[in-house]
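What follows is a single structure, written as structure tokens, with notes after it.
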Amino acid sequence: MDIDFRYVLQIIPELLHYVPITLYLTVVSMGIAIIIGVMLSIILVNKVPVLLSLAKVYISFFRGTPVLVQLLMIYFGLPQIFPVLNEVGAGVAAIIAFSLNTSSYLAEIFRAGLESVDKGQAEAATSVGMSYAQAMRGIVLPQAVRNALPATGNMFIGLIKNSSLAFTIGVTELLAQGKMMASANLRFFEAYLAVGLIYWVITFLYSQLQGWYEQRISKAYVT
Amino acid sequence: MISVSNIRKSYKDTEVLKGISFQVNDGEVVAIIGPSGSGKSTLLRCLNFLEQPDSGYIKIGEAAVHAKQSNRTTVNQLRLQTSMVFQHYNLFKNKTVLENVTHGLIVSKKIKKEAAEKKGRELLKQVGVLEKENQYPIALSGGQQQRVGIARALAVNPYAILFDEPTSSLDPEWVGEVLRVITKIANNNKTMLIVTHEMNFAREIADQVIFMADGVIVEKGTPEEIFDFPKQERTKQFLREFHRNTSERMDAVYPMDYIKELVQ
């Protein structure tokens, strides 16, 4: 047994320089995924003709194929068909792939969130003169968000870790740097352990934040 | 006034409303009674287009809609004429008691927050739940929730208030306080339509009683005409059944004297 814990601690500061890149990939992808997911979920809930079928195919495809396959398709595959896409950098390609993939899961999470709000809430809003948009904004969405938050948080945690796949197309994020350091020093276990610990800490901190926020927005629902 | 003519509504193959027509004068209180499944609630929900009627004409206060030519604007106009009190209260769960009353005023009537809150507090005081203004609905009893529901419905100052079985899901101990509040509003000459199973209450509070069965209005008239001298066999049968099934229980909880006392 030869594990050099001092080495683990030693490389962590160096690795931390790449955390912003991991977070950048994750947060931007999540933001875009939420926007697409909301639009898809509204299509699903309201059963908008034509768009509903398209949304279902989209969701089925992006949930039904591995995110790595999607990533490789977008970065290496699409430029062969549309040469103009050769200009797209690896980071952007990764964000596109993660956004599309995550949005398909979020669409279903948001749909369930919206449907979990009792119909009587929207009816009551309507009966005191609110429009559909006003009822959604003030009454239905805040309740749907609360119901959808735990599952959405899980997606976010998944995305933090999935962002490591970006190294396969040459984005130097946390894992890629760890891999380089591992090969340079031939200390594979220590390097990957350091990388793993950093992911763990990030997701732990995020879980704390979400727990605090869930409690905050739940105060109306518990006596 | 309210004028409804020939409302029809079907779900798939079942015709729930088979051509309903009636009129309500300003300040009149109308009780709609009838067996379960007779279409009472559906009728009420057609009046503010929570259910879209298939055909017919509805005029409430200033607004009129032909069901077949309805569009978003005319439906919104119609909805502004009424507000509804629900069987299951349907208070906004994410809003405090005061916000439940003021939210509609602020977002749909564009009233300033301070003014809305002043009005909201007045109404909460009127229904006797002012001390709960900062609580969320979950912390309230059924009776308190329903009284907030009534304050919310009053806040937007509609031409008429629609009560959809306002006491049906309340524990017996809370029914009295809600009926008392409704009576108070009726005494202020508010136009009201009340779908209810509280026969004693209907008799005392209503100017007009409508008896519905199987999607049609079987009989309508004054409370005396309906309850004491019903003409139709269907009405007689319903009242007989009603008395046989519920008189002991109902009279134990809301004896006639008690209801009379409420109404005074």
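Below, chain A is the first sequence line, B the second, and so on; all start at residue 1. Since the structure is predicted, the reported quantities are computational estimates derived from the model, not experimental observations.
Ion pairing between A/Arg111 and A/Glu108 holds under the 4.0 Å rule for side-chain N and carboxylate O.
In terms of modelled atom types and a separation under 3.5 Å, the side chain of B/Lys9 and the main chain of B/Leu43 share no donor-acceptor contact. Of the possible polar contacts, none joining the A/Arg63 side chain to the A/Ser104 backbone as a donor-acceptor pair under 3.5 Å is found. Checking side-chain atoms of B/Lys190 against main-chain N and O of B/Pro158 turns up a donor-acceptor pair under 3.5 Å.
Within the 4.5 angstrom heavy-atom criterion, only backbone atoms of B/Leu91 (N, CA, C, O) approach chain A. Only the side chain of B/Lys95 comes within less than 4.5 Å of a heavy atom in chain A; its backbone stays farther off. With a threshold of 4.5 angstrom between heavy atoms, B/Phe86 approaches chain A through side-chain atoms but not through N, CA, C or O. Looking at B/Asn48, the atoms closer than 4.5 Å to chain A (heavy atoms on both sides) all sit in the side chain, from C-beta outward. Contact of B/Val156 with chain A is made through the side chain alone, with heavy-atom distances under 4.5 Å. The contact between A/Val222 and chain B is made entirely by backbone atoms, counting heavy-atom distances below 4.5 Å. Neither the backbone nor the side chain of A/Lys119 comes within contact range of chain B; no heavy atom of the residue lies under 4.5 Å from a heavy atom of that chain. Contact annotation for A/Ala135: neither backbone nor side-chain heavy atoms come within less than 4.5 Å of a heavy atom of chain B.
At a cut-off of 3.5 Å, with distance as the only test, a side-chain donor of A/Gln210 or A/Glu214 sits close to an acceptor on the other residue. When only modelled atom types and interatomic distance are considered, B/Asp164 and B/Ser41 share a side-chain donor-acceptor pair under 3.5 Å.
Annotation for A/Tyr213: atom OH does not count as buried by contact number, only 12 or fewer foreign heavy atoms lying within 6.0 Å.
Looking only at heavy-atom pairs under 4.5 Å with chain B, the residue among A/Ala122, A/Ser131, A/Gly129 that has the most is A/Gly129. Your options are B/Val85, B/Asn94, B/Asn90, and the one with the most heavy-atom pairs under 4.5 Å with chain A is B/Asn94. If you tally non-hydrogen atom pairs under 4.5 Å between each of A/Val140, A/Thr126, A/Val117, A/Ile139 and chain B, the highest count goes to A/Ile139. Note on B/Val107, B/Leu80, B/Leu162: by heavy-atom pairs under 4.5 Å with chain A, the leading option is B/Val107.
Under the 6.0 Å distance and 45° angle rule, B/Arg72 does not count as a cation-pi partner of A/Tyr132.
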